There are 2 protein chains.
Amino acid sequence: MPTIKDVARVAGCSTATVSRALATPEKVSDTTRERVAQAIADVGYAPNVAARNLRRAESKTIVALLPDISNPFFSEIINGMEEVAHLAGYQVLIGDCEHDPARAEAYFELLPTNQADGILLLTAEVPMVLVRQADGQSSFPLVMACEFFADIDLPTVAIDNHQAACHAIDYLISLGHRRIATLSGPAANPICKERVRGYHDTLAAHGLVAEARIVEGDFGFRSGYQQGLALLEPGRTRPTAIFCHSDEMAIGVLKAARQLGLAVPGQLSVVGFDNIGFSEYCEPELTTISQPRNEIGQQAMRLLLGLMRGEPVVRRQTLSTQLIVRKSTGRPDA
Amino acid sequence: MPTIKDVARVAGCSTATVSRALATPEKVSDTTRERVAQAIADVGYAPNVAARNLRRAESKTIVALLPDISNPFFSEIINGMEEVAHLAGYQVLIGDCEHDPARAEAYFELLPTNQADGILLLTAEVPMVLVRQADGQSSFPLVMACEFFADIDLPTVAIDNHQAACHAIDYLISLGHRRIATLSGPAANPICKERVRGYHDTLAAHGLVAEARIVEGDFGFRSGYQQGLALLEPGRTRPTAIFCHSDEMAIGVLKAARQLGLAVPGQLSVVGFDNIGFSEYCEPELTTISQPRNEIGQQAMRLLLGLMRGEPVVRRQTLSTQLIVRKSTGRPDA
DNA sequence: CTGAAAGCGCTTACAG
DNA sequence: CTGAAAGCGCTTACAG
């Protein structure tokens, strides 16, 4: 591969000048700039980025840690992140943690080894030691999106999970439901706790706390199906509505209801969370809570880049959600 | 950050020895190795990978180009690729091309700039110039998975698309179907052409060529729904079965059938392709063709790494598919 | 088994 | 506006 030396030789100038023509063209005369451009084209030069990174002590890459890349919820967030990152000259390395904190740890190693300049956390399934470390003073830029930690106040962009849950439950109550169950994600997950809190608060506001019933899933189809079967077990008093913490689980519940011969929404209303593409194509189409996923990705990346530049930033950004009413919810049959 | 010099000072040896203790521990005495290990722990040393990469003229990263990260088909392939890559000390950078060849081009730039050592192509939507270039002699390691180019013989791991299509159509014919339509992916896509060829060949073998009917989608839900409506338009002779080139499109067809009041599989059988997680949770559960996705990812990465090491490799690997019969197919009603 | 030294390809104060 | 020179942090023949 040709190097900057080759370009300098062909252009008849020093390597310093070639470097400047590339990095700060305004510091170079028009004629020189043109000669350099020509020389670059002639020799087919491409800068060695490893050398540049070494010299500048940066990597121009951001790692984005996901809990599970197979969850379609994240793809639009990734798009948003990348749009902003690319414009700023950064690339993003996607780290799929597969719900395994050990894998997250490996990705954190990219920071001290100068392979990444910052981390965007889309999962809280990360060893707390690492997070505290990064949050310490001689630390690495770290931003959370969607999720958060109960006891560490990191820069975050997310929705108001409590409010979104209230909204969903209020809606179900307004339809006439009283026995409303929640199919939560992992109980330890702070965002699930927030949603459960919103669920409880809203039931309480309507004097329905005695009707509360919560089961736990893992956000996936299968757990939705299994917990759906448990919740709808024949012979027991069934809920007339289930608020699910993910669309996949809601779709699993739909399958369970079908199997048990329950009409949706006549005998059972189901609300999902996230508004993934599939939610419009299941039967019946799913009522769900939509998050501004692209915007979450964009804002999180802007926040991280701002932090890295030492700019003043809004450390806590809350974006709004929307209840999308489709066909899986309705008045309970008398 | 502490550097190798700091470690050397604390361990009382040269930087060369520290480097060896890390890279080739067997070339260093036991006592030295221990002292170095202790010094590394004491100073909190992490090697600067940019410096190492510069010196070794490699990046230890592979870029994997996807047509569309929101397609859940790819997540398991990515897992397979990463398993193999990580074991070999490589990281994988996922490049989401969003069906835009221009974005693919940007990722190809990572090669000459020493930011990536090889490319794994999971899409054929890439400027041909780049591929020919990479395939030329002073070239970059390049492997295709799943897809392929009609006129360039790159190292590839994929399924036999022709055979898989034959299998699906044979099955439908064995159920008694005669009017079988195909909902293809983009017509220009070589894998779709292969599947269409299999479709035609099988119809021909049964004297059904006159019944052939092909429409084109883009693999997504929406196009499946729209083309489904077109194919099933009331008042025209309808197909009794539709073979779709993706599960998402098949699920779109299911929605179209529902809307038109057609019973599946009684009045319409539907076959998908890929066996994504969703295919078990739609209504009815989808009959589909399963690809060994994890294995495709693994083999493709092994092939690429083998190529990079100059090992002898099998340049063309064909993995087998499986027809998963579920509830969306059956005998046509009389 | 170990060290001194060169060099990977850039960038950037410094001096002019 | 331009160049000479130092240096980023490693690795690796070479010599011993």
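What you see is a predicted model, and the numbers here were worked out from it, not measured in a lab. Chain letters run A, B, ... following the sequence lines, proteins first and then strands; every chain starts at 1.
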How far does the P atom of D:dA15 sit from the matching atom of D:dT11, given to the nearest Å? 22 Å

What is the nucleic acid contact for A:A16, judged by heavy atoms within less than 4.0 Å: base, sugar-phosphate only, or nothing? base

D:dA13 to D:dG9 separation - P atoms, rounded to the nearest Å: 23 Å

Could you check which of C:dC10, D:dT2, D:dC10 has an atom nearest any side-chain atom of B:Y45? D:dC10

Taking the side chain of A:T32 as heavy atoms from C-beta outward, which of C:dT2, D:dC8, D:dT2 is closest to it? D:dT2

D:dG9 P sits how many Å from A:N53 CG, rounded? 13 Å

Which sits closer to the 5' end of DNA chain C, B:S29 or A:M1, going by the nucleotide each is nearest to? B:S29

To the nearest Å, give me how far apart NZ (B:K5) and C1' (D:dG9) are. 9 Å

Looking at A:Q115, is its backbone amide N or carbonyl O close enough to the side chain of A:T61 to form a donor-acceptor pair, meaning the two atoms are under 3.5 Å apart? yes

Any A:S19 side-chain N or O less than 4.0 Å from OP1/OP2 of C:dT11: yes

Quick one: does B:R20 reach the base of C:dG3 with a side-chain donor-acceptor pair under 3.5 Å? yes

A:L22 has an atom CG; how far is it from atom P of D:dC1, in whole Å? 17 Å

When you measure from the side chain of A:V28, which nucleotide among D:dC10, D:dT2, C:dG9 comes out closest? D:dT2

Atom pair distance, as rounded to whole Å: CD1 in A:I4 and P in C:dG7: 19 Å

Using the rule given for side-chain hydrogen bond (donor to acceptor under 3.5 Å, both in side chains), can you reason through A:N79 versus A:E83, listing the C-alpha separation, both sets of side-chain angles and the distance that settles it, and then say yes or no? CA-CA 6 Å; A:N79 286 342; A:E83 285 165 29; 5.9 Å; no

Would you mind telling me which residue lines up with the more 5' stretch of DNA chain D, A:D30 or B:A51, judged by nearest nucleotide? A:D30

Can you tell me how far P of C:dG9 sits from CZ of A:R9, to the nearest Å? 13 Å

With distance as the sole test, does A:D117 use its side chain to make a donor-acceptor pair with the main-chain N or O of A:E58 at under 3.5 Å? no

Ranking D:dC10, D:dT11, C:dT11 by distance to the side chain of B:T3, first place goes to D:dC10

When you check the gap from the basic side-chain N to the acidic O, do A:R35 and A:D30 get nearer than 4.0 Å? no

May I ask you to verify if any side-chain N or O of A:R55 is less than 4.0 angstrom from the OP1 or OP2 atom of D:dG9? no

Applying a 3.5 Å limit to both distances, which nucleotide forms a Watson-Crick or G-U wobble pair with C:dC14? D:dG3

Using atom P in both nucleotides, what's the gap between C:dC14 and C:dC10 to the nearest angstrom? 24 Å

Would you mind reading off the distance between A:Q115 atom CD and D:dG9 atom C1', rounded to a whole angstrom? 14 Å

Using atom CG of B:D6 as one end and atom P of D:dC8 as the other, report the distance to the nearest whole Å. 11 Å

Both B:T17 and A:T15 contact DNA chain D. Taking the nearest nucleotide for each, which residue is further toward the 5' end? A:T15

Between A:R103 and B:E82, is there a salt bridge with N-O shorter than 4.0 Å? yes

Have a look at A:E26 and say if it touches a base, only the backbone sugar-phosphate, or nothing, with a 4.0 Å heavy-atom cut-off. sugar-phosphate

Can you tell me how far C1' of C:dT12 sits from CG of A:L54, to the nearest Å? 14 Å

B:R293 side chain vs B:E76 backbone, donor-acceptor pair below 3.5 Å: no

